[in-house]
Amino acid sequence: MNNNKFDVCIIGAGVAGGTLAAYLGASGKKVMVIEKMMGESDKIIGELLQPGGVEMLHNMNLQHLIEGIDAQIVTGYGLFYKEERIQVSYPTKEGKVFTGRGFRYGKFISSIRKNLKSIPNVTVVEGNVIELIEAEGKVIGVKYIDKHSDEEIFVEAYLTIACDGSGSLFRKKLSDAAQTVSSHFLGLEVKNENLPYHGHGHVMLLDPSPCLCYPISSEVCRVLIDFPTTVAPRKSEELVTYLKEKIAPQFPEEIRQNLLMAIDEGKFKIMPASLVPARPKLIKGAILLGDSFNMRHPLTGGGMTVALTDVYTITNLIKNIDLTNDQILTSAIKEFYEKHHYNNASINILADALYGVMLDPQLKQACFEYLKRGNGYAAEPITLLSAISRKRSTLLKHFFSVAFFGVNDNLKYPTPSNVGKAFNMIKNALQILNPLMLNEQPGVVVKSALKVTEAILK
Ligand SMILES: Cc1cc2nc3c(=O)[nH]c(=O)nc-3n(C[C@H](O)[C@H](O)[C@H](O)COP(=O)(O)OP(=O)(O)OC[C@H]3O[C@@H](n4cnc5c(N)ncnc54)[C@H](O)[C@@H]3O)c2cc1C
């Protein structure tokens with residue numbers, strides 16, 4: 001094997017690429033990782049790892065990556081609607097308490113990259129991958145510009161895995177999916193003291209759309225304020241006034257003062273929330289993984305868990321196969337793409353369905369009232385949110401239960417206006433859910449049912 005020929009070449013050392021290199025490298029594969037920017041990132045993405053993601057790190061023996069980074073243990077969620085609030089704990093199983101972690105994305109990524117230095121068969125370089133190289137109908141490697149020498153370098157590999165994140169340069173080649181922006185999150189750092197629920201994620205069902213707050217270090221928590229617009233809000237006096245006069249008064253009073261201080265400091269970061277369905281093209285010698293492959297709304301903090309689940313799946317599919325055999329490798333790639341839907345559909349659907357529910361005043365209220373009933377009404381949905389359960393059937397059961405719960409409420413007094421509202425709730429719920437279900441390779445019967453419902457809704 002020549003020095004520049006690897007078993008696997010990974011583009012990007014973020015959450016997906018960095019952990020993939022570590023797990024594949026530990027399995028004995030010769031791995032090359034090319035990362036554009038090695039410095040500590042200050043992005044406001046990927047800061048709450050759900051318990052399902054923590055479990056995945058354990059499965060891969062990579063749990064040490066979230067140690068020593070001031071990560072905060074997260075044990076559940078607080079949900080706020082108008083003057084009311086409820087608390088829901090993450091699930092337990094046979095005495096085991098599942099927990100998530102809140103941290104700074106940059107600290108987690110630095111920890112992932114530092115770990116790679118200790119794995120002998122992983123080579124990491126800083127460079128910008130500019131092209132997939134093809135020969136005889138398959139991808140045989142990549143070309144990158146080395147950050148330090150400015151040279152163009154060709155790296156050869158049996159399999160190239162593009163983990164180059166949300167703005168992927170390689171999505172177009174390896175997938176049929178289009179990226180759509182659902183909304184924007186404005187991020188602020190707010191002092192950690194006085195959180196209504198210590199060590200919890202906080203979801204505030206505000207008008208017009210939801211806000212999140214969760215601890216990312218022992219000192220601060222991240223507040224994400226949603227703007228339900230496809231165009232990013234511009235930093236301006238008007239924006240500050242909106243945050244102070246429209247959003248802050250709806251926050252729980254314990255954190256309102258700290259939020260106002262953070263608004264005055266003005267250190268805003270704005271990120272788009274995108275939807276990218278998983279629609280891979282089967283190309284020999286290359287796949288997508290992580291945000292380059294599939295994205296969902298960040299509201300439920302599911303992105304890193306999906307990426308880690310896929311890292312675990314692909315590594316176990318390829319670690320013991322002969323990568324020089326095209327047929328074997330291609331069937332592993334096919335299996336990976338199928339397993340992706342099976343493992344992650346519930347996370348994907350939940351994220352965008354819940355966001356849709358939170359934009360609809362009636363469904364939003366029904367959702368809160370439903371969860372407020374406690375017991376199984378809240379306990380099962382949080383097993384899905386935490387990604388400990390991945391059952392689509394559980395998700396569908398609760399999604400429709402919320403809608404029918406709201407309908408029932410309206411039909412207590414069946415005036416024409418209430419009947420109309422009830423009908424609209426069902427219609428809106430289906431309009432939210434149908435396209436999301438279709439994105440996740442439903443079986444033939446479900447697919448036909450979805451198509452019929454879609455036609456009726458039109
Ligand atoms: C506002 C927001 C909040 C979020 N919050 C959460 C959350 O709380 N919990 C959660 O689980 N998920 C969250 N997510 C999603 C999560 O951040 C992503 O799912 C996750 O980071 C995906 O990992 P990745 O490795 O695919 O991409 P990234 O982590 O973005 O890594 C991509 C890497 O590729 C590198 N790269 C890009 N192009 C090239 C190139 N040409 N050559 C070489 N390297 C390249 C980049 O520099 C980067 O290091 C959030 C997303 C957003 C937008």
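In each ligand, atom 1 is the first atom listed, and ligand 1 is the first ligand listed.
The protein atom (non-hydrogen) at minimum distance from atom 44 (N) of ligand 1 is Lys36 N, 3.1 Å. In this structure, the protein non-hydrogen atom closest to atom 25 (O) of ligand 1 is Ala16 N, 2.8 Å. Considering only non-hydrogen protein atoms, atom 47 (O) of ligand 1 sits nearest to Glu35 OE2, 2.6 Å. With hydrogens left out, the protein atom closest to atom 23 (O) of ligand 1 is Val15 CB, 3.6 Å, a heavy atom. In terms of protein heavy atoms, atom 42 (N) of ligand 1 is closest to Val129 N, 3.0 Å. Scanning the protein heavy atoms around atom 31 (O) of ligand 1, the nearest turns out to be Gly14 CA, 3.4 Å.
Considering backbone and side-chain atoms together, Met271 places no N or O closer than 3.5 Å to any N or O of ligand 1. For a threshold of 3.5 Å applied to N or O pairs, the pair formed by Asp291 and ligand 1 contains at least one separation below that value. Considering backbone and side-chain atoms together, Gly301 places an N or O closer than 3.5 Å to an N or O of ligand 1.
Listed by number with element, the atoms of ligand 1 under 4.0 Å from a non-hydrogen atom of Asn128 are 40 (C), 41 (N), 42 (N). Annotation for ligand 1: atoms under 4.0 Å from non-hydrogen atoms of Gly165 are 27 (O), 32 (C). Counting the atoms of ligand 1 from 1 in the order shown, those under 4.0 Å from a heavy atom of Cys163 are 32 (C), 33 (C), 34 (O). Atoms of ligand 1 lying under 4.0 Å from at least one heavy atom of Gly12, given by number and element, are 34 (O), 35 (C), 44 (N). Residue Tyr105 approaches ligand 1 through these ligand atoms, each under 4.0 Å from one of its heavy atoms: 21 (O), 28 (P), 29 (O), 30 (O), 31 (O). Counting atoms of ligand 1 from 1 in the listed order, those under 4.0 Å from a heavy atom of Ile34 are 43 (C), 44 (N). Ligand-side atoms of ligand 1 in range of Tyr214: 8 (O), range being under 4.0 angstrom from any heavy atom. Near Gly290, the atoms of ligand 1 lying under 4.0 angstrom from a non-hydrogen atom of the residue are 26 (O).
Looking only at atom types and distance, the side chain of Asn294 has a donor-acceptor partner in the side chain of Asn348 under 3.5 Å away. Judged by distance alone, the side chains of Tyr23 and Asn61 never bring a donor and an acceptor atom under 3.5 Å apart. A side-chain N or O of Asn344 and one of Asp310 form a donor-acceptor pair less than 3.5 Å apart. A donor-acceptor pair shorter than 3.5 Å can be found between the side chains of Thr309 and Arg390.
Residue contact annotation: Phe293 has no non-hydrogen atom under 4.0 Å from ligand 1. At a 4.0 Å cut-off, at least one heavy atom of Ile44 sits close enough to ligand 1 to count as contact. In this structure, Ala307 falls outside the shell of residues with a heavy atom less than 4.0 angstrom from ligand 1. Using a 4.0 angstrom heavy-atom cutoff, Ser168 does not count as in contact with ligand 1. Residue contact check for ligand 1: His297 places no non-hydrogen atom closer than 4.0 Å to it. Heavy-atom distances between Gly187 and ligand 1 stay at or above 4.0 Å for every pair. Within the 4.0 Å heavy-atom shell around ligand 1 one does not find Ala273.
Which of Pro298, Ala387, Gly102 comes nearest to atom 3 (C) of ligand 1 through a heavy atom is settled by distance: it is Pro298. The heavy atom nearest to atom 11 (O) of ligand 1, considering only Met304, Glu131, Glu126, is found in Met304. Summarising the contacts of atom 51 (C) of ligand 1 with Ile45, Leu169, Leu48, Asp164, the nearest heavy atom is found in Ile45. When the heavy-atom distances from atom 14 (N) of ligand 1 to Gly46, Gly39, Gly303 are ranked, the shortest goes to Gly46.
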What do the steps show when you test Asp226 against His297 for side chain to side chain contact (heavy atoms under 4.5 Å, CB included), and what is the final call?
CA-CA 11 Å; Asp226 183 68; His297 201 282; 4.0 Å; yes
Can you list the steps and then say if Tyr90 with Phe98 is a ring-ring contact (aromatic ring centres under 6.0 Å, His included)?
CA-CA 6 Å; Tyr90 279 143; Phe98 292 102; 9.0 Å; no
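Taken to the nearest 0.5 Å, the OG atom of Ser209 stands 12.5 Å off from the NE2 atom of His184.
Every side chain to side chain donor-acceptor pair (under 3.5 Å) that His64 has, sequence neighbours left out, goes to Asn115.
Proximity of Arg113 to ligand 1, defined as any heavy-atom pair under 4.0 Å, is confined to the side chain (atoms from C-beta onward). If you look at Tyr144 next to ligand 1, there are no close heavy atoms at all, none under 4.0 Å.
A salt bridge links Lys138 with Asp326: at least one charged nitrogen is closer than 4.0 Å to a carboxylate oxygen.
Classified by interplanar angle (parallel below 30°, tilted 30° to 60°, perpendicular above 60°), the ring pair His202/Phe80 is parallel. Between Phe293 and Tyr337, the ring planes are tilted. Angles from 30° to 60° get that label. By the 30° and 60° cut-offs, the orientation of the rings of Tyr370 relative to Tyr377 is perpendicular. The aromatic rings of Tyr197 and His200 lie tilted to each other, with the angle between the two planes from 30° to 60°.
Using a 4.5 Å cut-off on side-chain heavy atoms (C-beta onward), Gln50 and Leu48 make contact. A heavy-atom distance below 4.5 Å is not found between the side chains of Ile45 and Pro298.
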Can you list, pair by pair, the side-chain donor-acceptor contacts under 3.5 Å of residues 274-284, counting residues two or more places apart and other chains?
from   : atom 1 : to     : atom 2 : distance (Å)
Ser274 : OG     : Gln179 : NE2    : 3.1
Arg279 : NH2    : Asn439 : OD1    : 2.8
Lys281 : NZ     : Lys172 : O      : 2.9

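In this structure, Lys235 fails the cation-pi test against Phe268, since its NZ or CZ atom is not both closer than 6.0 Å to the six-membered ring centre and inside 45 degrees of the ring normal.
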